[in-house]
Amino acid sequence: MNIVHIGAGNIGKGFILPVLKDNNKNINFTFLDVNQQVIDDLKKTKMVSLTYLNKLKNVNKNYIIENALTLNEIFEPQNTNLLNNIDLITISIGKENLIKLKPWFEKLAEKLTKKIIVMCCENGNKVSSFFKDKVFEKETQKKFFFVDCVVDRIIPISKLKNAKSLNVEEYYSWIYDANQWPGDVPKLSGLKTSKNIDFEVSKKLYMLNSLHCSLAWYIYKNDKFKSISTIYNALQNSEVLLFTEKYLDECISILEHKFHADAKELKSYAISIIKRFMNKKVDDDLHRVARNTLSKLKTDDRISPMILYAIKYSLNCETIYMSFLNGINYYLSENETNVEIKDNNEILNFCSTNLNFSINEINALKKYIIN
Ligand SMILES: NC(=O)c1ccc[n+]([C@@H]2O[C@H](COP(=O)([O-])OP(=O)(O)OC[C@H]3O[C@@H](n4cnc5c(N)ncnc54)[C@H](O)[C@@H]3O)[C@@H](O)[C@H]2O)c1
Ligand SMILES: O=P(O)(O)OC[C@@H](O)[C@@H](O)[C@H](O)[C@H](O)CO
């Protein structure tokens, strides 16, 4: 099977490559990236070397890659065979960068003789559908099967000095939408399917990912990352643990209400998240988990939808709302404005100007703040 993966970064090298290679025979794997240095390094080594950060004993494993190319190199004559035989394109470049792939996909679409599956392995709400609907015209959309998925493995930023080595968490989960996968294409091993991808996406995004950035913003507010700089260090503090528990309890009530989900199952998922965050070997920097703060605060991402849902159905979201304000202030301080906003009108103004809140959403938030 020919896999082309766009984005030879942490999730590409530390998750997509090993999960596909470990679980499926005859995987021919090609990395594409815009970063010339990364591609040159991978061309040289043709290998990725992973260290699994097992709590008991680290395990090292090497993975062969068949090709590493810059995006446009794939259109060169010597790569025609590969181009004509792609089965699956996976992508992990950051949701905000997807728009840049528009011309590349349009060029590819002109050359295709069969429909190809595209999976955006980005954190966000059904990002493959977003990519399909918001980026492409109908004609291009028809050339691909866009399949939503949820990917989960914590891969901290590497402090190792070469592009081929990476430390990764041992745990992983990759779930895709069973309804969008074409019926005549065999399923991939190592991946799970779901007929309720909305729930799977929301569960991970609202609990794990929103807790991650909320912890960073909380620590920044109280410590400015002076004495605490990683997720593991943060969770050694009893006040942070209390914040975490309250935060996850509010998330659980919202998910339980929205999806009629089993609260016990969500509770054990919450416990599993805390356990994973408490793996001392996963040296996960707070700047990383808070990256792209503004996108994380927008109405299509991990915090605002929970607040707006809780307001609508009168559910408690006190801690999540506090975290939302921490996030706004973190964003402002990162952008060197040195202004904290606390005034209600400033908050509402920020939401409509920078976070895509609609008039109805602003009115709902206003009512919540005033009460
Ligand atoms: N690291 C994690 O723990 C983790 C886990 C699950 C999901 N994710 C998601 O995976 C995505 C990538 O995260 P990451 O940690 O691997 O980031 P990263 O910065 O390590 O890797 C991103 C890669 O994409 C490349 N890239 C950027 N723009 C590009 C473009 N226009 N065309 C081709 N390549 C381009 C970069 O050069 C880089 O190599 C994000 O959406 C993130 O939310 C990350
Ligand atoms: O990648 P982001 O910036 O969307 O979010 C930061 C982290 O929450 C994220 O990378 C997690 O480590 C990952 O999603 C775990 O599966």
Side-chain angles (χ1 to χ4, degrees), residues 4-17 19 30-42 48 50 53 68-74 89-105 108 119-125 127-128 130-131 135 149-160 163-164 166-175 200-201 203-217 230-232 269 272-273 276-277 279 282-298 300-303 327:
V4 167
H5 180 81
I6 309 178
N10 282 2
I11 210 73
K13 290 185 289 198
F15 177 90
I16 309 293
L17 170 72
V19 170
T30 300
F31 271 123
L32 303 186
D33 203 288
V34 278
N35 187 324
Q36 185 74 51
Q37 186 63 51
V38 167
I39 291 303
D40 288 348
D41 287 352
L42 291 174
V48 166
L50 299 184
L53 303 167
L69 306 168
T70 54
L71 283 168
N72 281 322
E73 262 181 294
I74 201 165
I89 299 178
T90 48
I91 312 173
S92 63
I93 62 170
K95 184 183 168 193
E96 62 289 348
N97 292 320
L98 286 173
I99 183 76
K100 297 180 194 152
L101 295 178
K102 186 175 196 265
W104 186 87
F105 267 90
L108 178 67
M119 273 176 144
C120 295
C121 304
E122 318 280 3
N123 287 329
N125 189 6
V127 182
S128 303
F130 160 87
F131 190 44
V135 174
C149 70
V150 189
V151 291
D152 190 6
R153 166 172 277 168
I154 300 170
I155 310 181
I157 288 170
S158 177
K159 293 186 178 120
L160 305 167
K164 78 170 174 65
L166 215 53
N167 291 336
V168 305
E169 183 191 28
E170 195 177 35
Y171 172 89
Y172 89 86
S173 157
W174 187 351
I175 307 171
E200 296 298 341
V201 168
K203 186 173 114 179
K204 192 224 163 196
L205 197 64
Y206 293 173
M207 290 179 72
L208 189 152
N209 294 119
S210 84
L211 175 65
H212 243 167
C213 50
S214 293
L215 282 169
W217 300 332
T230 67
I231 287 288
Y232 172 80
Y269 181 61
S272 76
I273 293 171
R276 288 171 62 197
F277 285 10
N279 183 349
V282 179
D283 186 17
D284 207 1
D285 191 85
L286 294 173
H287 289 100
R288 183 192 82 83
V289 296
R291 64 185 168 188
N292 303 323
T293 283
L294 197 64
S295 305
K296 290 182 165 122
L297 293 166
K298 287 187 178 167
D300 61 350
D301 212 273
R302 60 205 72 185
I303 306 273

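Whatever order the structure lists ligands and atoms in, that order sets their numbers, starting from 1. This one's a predicted model, so the numbers in the text were calculated from it and none came from an experiment.
Listed by number with element, the atoms of ligand 1 under 4.0 Å from a non-hydrogen atom of A8 are 39 (O). Annotation for ligand 1: atoms under 4.0 Å from non-hydrogen atoms of I154 are 3 (O). Here is the list of ligand 1 atoms found below 4.0 Å of a heavy atom in L101: 32 (N). Taking every heavy atom of V151 and a limit of under 4.0 angstrom, the matching atoms of ligand 1 come to 6 (C), 7 (C). For ligand 1, the atoms closer than 4.0 angstrom to any heavy atom of G94 are 11 (C), 40 (C), 41 (O).
For I6, the closest heavy-atom approach to ligand 1 falls below 4.0 Å. Remark: distances from the non-hydrogen atoms of R288 to ligand 1 include one below 4.0 Å. Distances from ligand 1 to the non-hydrogen atoms of P156 include no value under 4.0 Å.
Which of N35, N123, L205, L32 comes nearest to atom 7 (C) of ligand 1 through a heavy atom is settled by distance: it is N123. One option in E122, E96, R291, H212 has a heavy atom closer to atom 11 (C) of ligand 1 than any other, and that option is E122.
In terms of protein heavy-atom proximity, atom 29 (C) of ligand 1 is nearest to V34 CG2, 3.5 Å. What sits closest to atom 22 (C) of ligand 1 on the protein, heavy atoms only, is S92 O, 3.8 Å. Remark: minimum distance from atom 39 (O) of ligand 1 to any protein heavy atom is reached at D33 OD2, 2.7 Å. In terms of protein heavy-atom proximity, atom 20 (O) of ligand 1 is closest to N10 N, 2.9 Å. In terms of protein heavy-atom proximity, atom 21 (O) of ligand 1 is nearest to G9 CA, 3.2 Å. Nearest protein heavy-atom contact of atom 6 (C) of ligand 1 is I11 CD1, 3.4 Å.
Not counting sequence neighbours, the partners of N123 by the side chain to side chain donor-acceptor pair (under 3.5 Å) test are K204. Legend: residues meeting side-chain contact (heavy atoms from CB on, under 4.5 Å) with K102, ordered by chain and number and at least two apart, are E106, V135, F136, E137. Legend: residues meeting side-chain contact (heavy atoms from CB on, under 4.5 Å) with S272, ordered by chain and number and at least two apart, are Y269.
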Might you work through the salt bridge (charged side-chain N to carboxylate O under 4.0 Å, His left out) test for K95 and D300, ending with a clear yes or no?
CA-CA 12 Å; K95 184 183 168 193; D300 61 350; 3.0 Å; yes
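Pairing each heavy atom of C121 with each of W174, the nearest pair is SG-CZ2, 3.9 Å.
Checked by distance only, ligand 1 and K204 stay at 3.5 Å or farther apart across all their nitrogen or oxygen atoms. Where the criterion is an N or O separation shorter than 3.5 Å, residue side chain and backbone included, K100 fails it with respect to ligand 1. At least one N/O-N/O distance between I155 and ligand 1 falls below 3.5 Å.
At a 4.0 Å heavy-atom cut-off, ligand 1 does not touch D152 at all. When non-hydrogen atoms are compared, ligand 1 lies under 4.0 Å from the side chain of L71 (C-beta onward) but not from its backbone.
In this structure, F277 and H212 have parallel ring planes: the angle between them is below the 30° cut-off, well short of the 60° mark.
The closest donor-acceptor contact from the side chain of R302 to the backbone of Y206 lies at 3.5 Å or more, if one exists at all. No donor-acceptor pair closer than 3.5 Å links the side chain of T90 to the backbone N or O of M119. Checking side-chain atoms of D284 against main-chain N and O of I231 turns up no donor-acceptor pair under 3.5 Å.
Classification of D152 and R276 as a salt-bridged pair holds, one side-chain N sitting under 4.0 Å from a carboxylate O.
Distances from atom 15 (O) of ligand 1 to the protein include at least one heavy-atom value under 4.0 Å.
For a heavy-atom separation below 4.0 Å, the residues in contact with ligand 2 are N123, V151, D152, R153, I154, K204, L208, N209, H212, R288, V289, R291, K296, R302.
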